[in-house]
Amino acid sequence: MTETPQTADFIRDIIAHDLTNGVNDGRLQTRFPPEPNGYLHIGHAKSICLNFGVAAENPGGKCNLRFDDTNPEKEDVEYVDSIQEDVRWLGFDWEDRKFYASDYFAALYRFAESLILQGKAYVCDLSAAEMREYRGTLTEPGRASPCRDRSVEENLDLFRRMRAGEFPDGARVLRARIDMASPNMNMRDPALYRIRRVEHHRTGTEWLIYPTYDYAHGISDALECVTHSLCTLEFEDHRPLYDWILDQLDLPCRPRQIEFSRLSLEYTVMSKRKLNALVQSGVVSGWDDPRMPTISGLRRRGYTPESIREFCRCIGISKSPNRVEHALLENCLRSDLETRSPRTMAVLRPLKVVIDSLPEGYEEVLSAPVHPQNEAMGKRNLYFTRELFIEQEDFRESAPKQYKRLVAGGEVRLRNAYVIRCREVIKDPQSGEIVALLCEHDPATLNANPVGRKVQGVIHWVSAPRSVAGEVRLYAPLFTVAEPDALKGEIVEQVNPDSIEILTGCRFEPELASDAVSLPYQFERLGYFHRDRESTSGHPVFNRAVSLRDAWSKIEQRL
RNA sequence: UGGGCCGUCGCCAAGCGGUAAGGCCCCGGAUUUUGAUUCCGGCAUCCCCAGGUUCGAAUCCUGGCGGCCCAGCCA
């Protein structure tokens with residue numbers, strides 16, 4: 001797909017302005033700073049596309065990957081691995097600039113001592129509950145901790161002993177000494193370091209104290225000489241603290257934090273806490289369940305990196321609250337796949353058709369384009385045999401005139417093959433269920449229109465003996481309401497029970513048994529389907545990434 | 001309620017004092033061996049509301065209204 005250049009947004013405007021004015025010596029350095037405590041989702045893709053995108057658009061621009069691993073309790077290498085895989089898969093490259101906040105633990109510690117020496121930080125003995133009490137409320141100022149005026153010497157001694165492991169977890173914290181009466185809660189002497197006897201996935205047991213996000217983030221940015229530190233709106237209130245910390249310290253660079261609104265998507269949730277709950281409870285099969293808004297879920301579903309990048313381009317960057325329609329995401333996938341996805345035919349719910357104008361064992365090899373608008377993609381063979389399968393919903397004994405498919409006594413075109421006429425409907429004498437259709441074909445209609453009449457319907461089909469059986473998984477949104485975040489109660493109990501439908505006994509063209517096409521196929525007239533990782537050559541399994549646009553369903557609803 | 005932020009078509013989103021871009025959705029119509037694609041055409045006299053400034057305002061000012069975020073030793 002040809003990628004449309006990104007249009008301007010307020011962040012790109014600021015960056016362009018800074019660049020032309022020589023701010024930060026005209027350098028552009030961004031960073032994507034995930035916490036390795038979960039898998040990346042489409043909201044992260046927005047941030048990745050922004051940070052890596054803006055760096056790529058400007059000569060000399062660079063974007064670092066930095067793991068914000070300051071809270072070992074929740075973090076794990078499983079996540080650092082998956083994050084790298086996902087960023088790479090999306091098409092971005094951090095080259096040799098992979099960093100960890102934990103790379104800076106020693107430096108962070110020294111800066112903390114520097115803050116203490118300046119009288120800008122103190123060790124506080126208040127418990128978490130007491131601290132909350134002392135903090136005040138939105139409308140009342142907080143009160144000073146009894147430890148607020150400790151001497152520099154005592155603070156330094158205590159802080160060193162915190163590091164040395166002399167105090168139990170949670171016994172004391174290091175706090176910034178700012179303003180307990182600030183209307184901004186973040187400025188009421190925020191915690192900088194806490195004691196946690198937890199093994200860190202990278203530093204092991206070396207550290208017993210860990211820096212908080214507020215303390216570590218700005219310094220990490222400065223140490224990497226980040227120029228523009230882009231984050232989401234909920235950090236807006238933290239910016240004064242971000243700036244305060246940088247102002248107190250002697251750092252090589254001065255980054256600037258700019259906030260934009262996070263993505264929310266209809267019919268899904270984006271918080272890692274909720275996604276984690278879905279995974280842990282088993283209502284989804286894992287982080288890569290095709291219903292999940294995770295990068296790995298979208299990938300397994302059949303979304304392409306190109307389509308996700310295009311989606312991120314379309315939604316733009318702003319500060320307004322938003323909830324993007326699912327249709328936009330689907331449109332991005334469809335328009336990517338429309339031009340380059342190989343075509344094939346698959347029958348999801350087979351109905352047997354016997355062409356009794358043909359002799360037993362008849363087989364004719366027909367040729368069909370892999371892509372009707374792109375000859376360069378080549379041809380494939382179709383096997384026209386006496387027994388075929390068509391889609392159950394493509395036949396009706398009687399139907400309104402708008403119905404263009406096969407009806408009893410009527411004609412329809414088999415795609416890439418002949419026009420057939422249904423002569424007789426065979427039913428199970430017991431249940432009355434239709435078991436087969438007896439049809440005749442018109443030999444003059446291969447690559448030619450019938451003479452003297454118009455046949456307007458075209459349906460897909462597959463040879464009975466020359467097709468392979470397999471499974472298809474159809475998906476619907478994980479939640480039935482557009483805004484599941486507003487739902488009360490356990491998120492796990494709100495999941496749409498019909499969000500997955502497994503169809504067995506589907507029939508595919510023979511090549512689908514086992515080939516290694518990486519792009520999803522278009523199952524003609526049905527949608528785009530991607531081979532699942534559970535698929536085997538004996539048992540192909542396909543996920544429907546997205547259906548084709550369906551005008552008929554709208555017409556039918558109006559009837 | 002203190003502070004921060006946001007409010008332009010059903011959904012995103014341009015616009016930065018000169019008379020409402022674009023995409024998605026939706027609705028017509030043409031082409032079509034995918035009811036797909038493609039192609040044409042339609043879709044905000046109006047920018048949360050009310051005043052004001054100005055020859056002229058979505059853009060500036062004032063006052064309202066509505067929404068989101070913050071009281072973790074999470075990020």
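Atoms considered below: every heavy atom in the structure, side chains included; atoms not considered: hydrogens, waters and symmetry mates. The chains referred to below are lettered A, B, ... by the order of the sequence lines, with proteins before strands, and numbering in each begins at 1.
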Can you check whether any acceptor in the base of [N] is under 3.5 Å from a donor in the side chain of [X], or vice versa?
X: A:Gln373; N: B:rU38; answer: no
X: A:Arg405; N: B:rG35; answer: yes
X: A:Arg323; N: B:rC12; answer: no
X: A:Glu325; N: B:rG10; answer: yes
X: A:Asp237; N: B:rG3; answer: yes
X: A:His238; N: B:rA75; answer: yes

Expressed in angstrom and rounded to an integer, what is the separation of [X] atom [atom1] from [N] atom [atom2]?
X: A:Tyr215; N: B:rA75; atom1: OH; atom2: C1'; answer: 17 Å
X: A:Glu140; N: B:rU1; atom1: CD; atom2: P; answer: 15 Å
X: A:Tyr210; N: B:rC74; atom1: OH; atom2: C1'; answer: 15 Å
X: A:Asn322; N: B:rC5; atom1: CG; atom2: P; answer: 19 Å
X: A:Tyr122; N: B:rC73; atom1: OH; atom2: P; answer: 11 Å
X: A:Asn416; N: B:rU34; atom1: CG; atom2: C1'; answer: 9 Å
X: A:Leu233; N: B:rC68; atom1: CG; atom2: P; answer: 13 Å
X: A:Lys319; N: B:rC12; atom1: NZ; atom2: P; answer: 18 Å

Please measure how far the [atom1] atom in [N] lies from the corresponding atom in [M], and state the result in whole Å.
N: B:rA58; M: B:rC9; atom1: P; result: 14 Å
N: B:rG7; M: B:rC25; atom1: P; result: 25 Å
N: B:rA44; M: B:rC11; atom1: C1'; result: 14 Å
N: B:rC49; M: B:rA57; atom1: C1'; result: 16 Å
N: B:rU37; M: B:rG23; atom1: P; result: 16 Å
N: B:rA14; M: B:rA21; atom1: P; result: 15 Å
N: B:rC60; M: B:rC47; atom1: C1'; result: 16 Å
N: B:rA13; M: B:rU8; atom1: P; result: 9 Å

[X] side chain near [N] phosphate (N/O to OP1/OP2, under 4.0 Å):
X: A:Thr7; N: B:rG22; answer: no
X: A:Ser318; N: B:rA13; answer: yes
X: A:Arg132; N: B:rG72; answer: yes
X: A:Arg262; N: B:rC5; answer: no
X: A:Arg549; N: B:rU37; answer: yes
X: A:Arg334; N: B:rA36; answer: no
X: A:Arg415; N: B:rG35; answer: no
X: A:Arg194; N: B:rC74; answer: yes
X: A:Lys554; N: B:rC26; answer: yes
X: A:Ser320; N: B:rA13; answer: yes
X: A:Arg135; N: B:rC73; answer: yes

Once you apply a heavy-atom cut-off of 4.0 Å, does [X] come out as touching a base, just sugar-phosphate, or nothing?
X: A:Glu266; value: nothing
X: A:Asp68; value: sugar-phosphate
X: A:Ser553; value: nothing
X: A:Ala327; value: sugar-phosphate
X: A:Asp394; value: nothing
X: A:Met131; value: base
X: A:Glu259; value: nothing
X: A:Arg558; value: sugar-phosphate
X: A:Arg175; value: nothing

Is the [X]-[Y] ring centre distance short of 6.0 angstrom?
X: A:Phe159; Y: A:Tyr109; answer: yes
X: A:Phe235; Y: A:Tyr213; answer: yes
X: A:Tyr100; Y: A:Phe67; answer: yes

B:rG66: syn or anti, per glycosidic angle within 90° of 0: anti
Flag, side chain of A:Ser182 to backbone of A:Asp179, donor-acceptor distance under 3.5 Å: no
Within 45° of the six-membered ring axis of [Y] and under 6.0 Å from that ring's centre, is NZ or CZ of [X] located there?
X: A:Arg507; Y: A:Phe389; answer: no
X: A:Arg194; Y: A:Tyr210; answer: no
X: A:Arg175; Y: A:Tyr122; answer: no

Looking at [N], which nucleotide sits across from it as a Watson-Crick or G-U wobble partner, both distances under 3.5 angstrom, or is there none?
N: B:rC65; result: B:rG7
N: B:rU53; result: none
N: B:rG2; result: B:rC70
N: B:rU38; result: B:rA30

Any side-chain donor near an acceptor of the partner, A:Ser335 and A:Glu338, under 3.5 Å: no
Option from A:Lys319, A:Arg262, A:Arg239 for which salt bridge (Lys or Arg N to Asp or Glu O under 4.0 Å) with A:Glu234 holds: A:Arg262
A:Arg273 CZ: over 12 foreign heavy atoms closer than 6.0 Å: no
Nucleotide nearest A:Met185 (side chain, heavy atoms from C-beta), chosen from B:rA36, B:rC73, B:rG2: B:rG2
A:Trp552, nearest nucleotide to its side chain (from B:rG28, B:rU34, B:rG35): B:rG35
